[in-house]
Protein chains: 2
Amino acid sequence: MFKNRNSQNIHCNHCAVKTLCVARDLNPIETDDINNQITKIKVADKGNHIFHAKDLQQNLYAVHTGSCKDYWLDEDGSERINNFYLPGDIIGLESIPNDKHLYSLIALENTELCVIPITALFDLMHQHSNILKRVMNIAGYKMQNDQSIRITTNVNQRIADFILNTYYRLQERSNSKDFISLPMSQLEISNYLGMAHETVNRVLRKFHKEKIITIKVKRIYITDIDRLKELGTTLLSIGQGETHVEKIPEEECQ
Amino acid sequence: MFKNRNSQNIHCNHCAVKTLCVARDLNPIETDDINNQITKIKVADKGNHIFHAKDLQQNLYAVHTGSCKDYWLDEDGSERINNFYLPGDIIGLESIPNDKHLYSLIALENTELCVIPITALFDLMHQHSNILKRVMNIAGYKMQNDQSIRITTNVNQRIADFILNTYYRLQERSNSKDFISLPMSQLEISNYLGMAHETVNRVLRKFHKEKIITIKVKRIYITDIDRLKELGTTLLSIGQGETHVEKIPEEECQ
DNA sequence: CGCTGTTTTGAACGAAGTCAAGGTTCGTGG
DNA sequence: CCACGAACCTTGACTTCGTTCAAAACAGCG
């Protein structure tokens with residue numbers, strides 16, 4: 001179901017996840033230009049599809065509130081989750097070269113998505129180098145995220161990485177530092193990480209017993225971030241916040 | 001070691017991997033503009049570094065001939081391979097938002113890389129919408145590739161997927177349809193796929209016995225692509241060749 | 001020609017998957 | 001508002017797959 005963005009009083013300037021979305025680092029004119037091209041929001045109830053794989057792709061979507069997953073069906077017809085999307089995330093970048101969606105998108109909870117027409121976005125990137133730069137950065141962060149859930153030998157590490165990744169991404173979007181909740185089910189986590197759901201449960205229970213996380217009904221709260229970091233791989237602290245460049249070498253290469 | 005690109009008689013127009021690189025789908029003026037901004041090639045012998053993680057990033061690199069891997073070091077100091085790069089591949093897109101390289105890059109064999117200055121590229125994207133479109137497509141394909149080596153439950157499938165992925169990518173670059181060779185060692189494959197190298201070897205040996213592939217010294221030849229496809233997950237046939245849109249629905253979503 | 005890194009194979013162990021079954025939570029409809 | 005069914009979560013026992021350890025064969029390179 002579509003809503004008019006204006007009538008909902010949504011403007012990139014006041015958006016809670018502005019610093020993650022397209023409107024970051026833009027001057028007022030650029031922000032207005034972007035905002036004016038995003039005229040619709042799409043509202044989806046929990047479990048509803050936003051689009052299907054092989055659909056013609058005319059838009060990107062930005063998660064305004066809520067969360068989503070995208071997936072495809074393998075030869076057996078079983079679901080294979082590709083990614084989860086949280087507020088501020090841009091959906092659909094990987095499908096641009098094909099002009100059609102590679103994955104189907106489903107809302108994990110009641111969700112509002114800003115509809116970003118691709119042709120309009122490309123025009124804006126062409127006009128404003130700040131917008132070009134910003135979209136390229138978003139693409140880069142997306143690649144970093146896709147690469148961050150890499151295959152590791154053991155299951156504890158993979159789940160720790162998953163929780164950390166989602167933790168970092170959620171933390172950028174809210175101010176609660178202590179407790180963060182994950183919107184997806186254990187079944188979905190196991191699907192995404194490619195392991196048995198019983199295993200996910202056992203590892204989460206173990207983490208719970210060791211007071212690293214606290215499991216409430218359908219929500220997971222992180223209580224000991226340091227232990228979690230020890231368990232996971234490093235490199236993961238990929239976010240869009242401040243970039244600390246430790247030291248800049250004189251020359252790119254000898 | 002750097003070489004002057006002009007003196008090497010390299011021009012995007014005549015490049016063997018032009019259809020995979022930035023210069024695809026451009027008109028002559030645009031191709032010239034791109035070509036003029038790429039003035040250097042970097043030559044690296046097997047095993048040599050091209051750049052290191054945390055180096056300042058000023059350039060992207062395009063593989064002209066040869067192949068590379070990029071990696072990072074985990075807390076134990078052991079190597080974690082992030083990706084392999086074949087002729088036509090663009091290296092460094094994911095690091096753009098950070099202005100420094102996230103990974104270190106090593107040549108797998110004697111390799112020539114076209115040096116693409118990022119600021120120049122951004123200027124060209126700003127000027128020519130075709131170049132903008134092309135770079136966004138490359139970014140999209142890169143995401144598809146990052147997503148294609150997803151975690152699957154069993155090892156046979158993961159290796160089949162890996163071989164298929166590399167097969168498709170290599171096939172786009174050469175005209176030999178029957179036999180294709182992989183430039184990386186089994187040790188590197190195991191590292192990349194997150195499994196023991198003995199396991200990689202055993203699975204490859206099994207595939208060899210079943211006449212799906214033929215293993216020669218440090219080279220793997222694919223002999224039965226159909227069997228391999230059955231073993232792997234689908235969706236993988238991601239390439240930059242013709243895009244077959246099976247059917248275009250009337251509306252993007254109901 | 002010897003050293004080093006890579007591939008190969010076997011045997012034993014352990015981690016994670018599978019199967020089965022019971023307990024919870026949530027949504028829907030009566 | 002309660003009852004019921006459908007997902008989802010939890011736990012145990014068993015099995016299997018893949019890792020680990022060890023050791024040998026091989027290739028590549030200085």
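Quick caveat: nothing in here was measured; it's all calculated off a predicted structure. Every chain is numbered from 1 and lettered A, B, ... according to where its sequence line falls, protein lines coming before strand lines. Values reported hereafter were calculated over all heavy atoms of this structure, with side chains retained and with hydrogens, waters and symmetry mates removed.
Counting any heavy atom pair closer than 4.0 Å across all strands shown, A/R205 reaches sugar-phosphate atoms only and no base atom.
With D/dT10, D/dA22, D/dG18 as the choices, the nucleotide that has an atom nearest any side-chain atom of B/E198 turns out to be D/dA22. With distances taken from any side-chain atom of A/A196 to the nucleotides D/dT10, C/dT18, C/dT8, the minimum falls on C/dT18. Nearest nucleotide to the side chain of B/S185, out of C/dA16, D/dT11, C/dT7: C/dT7. Of the candidate nucleotides D/dA13, C/dT7, D/dG18, D/dA13 has the atom lying nearest to any side-chain atom of A/R202. For A/T199, whose side chain is taken as the heavy atoms from C-beta onward, the closest listed nucleotide among C/dA16, D/dG18, D/dT11 is C/dA16. Closest approach to the B/V155 side chain among D/dG18, D/dT10, D/dT11 is made by D/dG18 (side chain taken as heavy atoms from C-beta onward).
In this structure, B/Q186 does not reach the C/dG5 phosphate: none of its side-chain N or O atoms is under 4.0 Å from OP1 or OP2.
A/L108 has its CG atom 15 Å from the C1' atom of D/dA7, to the nearest Å. The interatomic distance linking B/I189 (CD1) with C/dT6 (P) rounds to 12 Å, in whole Å. Atom CG in A/N156 sits roughly 11 Å away from atom C1' in C/dA16 (whole-Å rounding). Whole-Å rounding puts the A/E188 CD to D/dC8 C1' distance at 10 Å. Taking atom NE2 of residue B/H197 and atom P of nucleotide D/dC26, one finds them 17 Å apart after rounding to whole Å. Put simply, CG on A/N201 is 12 Å from C1' on D/dG12, counting in whole angstrom units. The CE atom of B/M195 sits 12 Å away from the P atom of D/dT20 (whole-angstrom rounding). Straight-line distance from the CE atom of A/M184 to the C1' atom of D/dC8: 15 Å, rounded to whole Å.
Checking B/N191 against B/K69 by side-chain atom types alone, no donor-acceptor pair falls below 3.5 Å.
Ring pair B/Y85/B/Y61: centre-to-centre distance not below 6.0 Å.
The side-chain hydrogen bond (donor to acceptor under 3.5 Å, both in side chains) with A/N83 is formed by just one residue from the set A/D146, A/D70, A/D89; it is A/D146.
Between A/E109 and A/G66, the shortest heavy-atom contact is OE2-C, 3.5 Å.
Between A/H101 and A/F51, the two ring planes are parallel [angle under 30°; tilted spans 30° to 60°].
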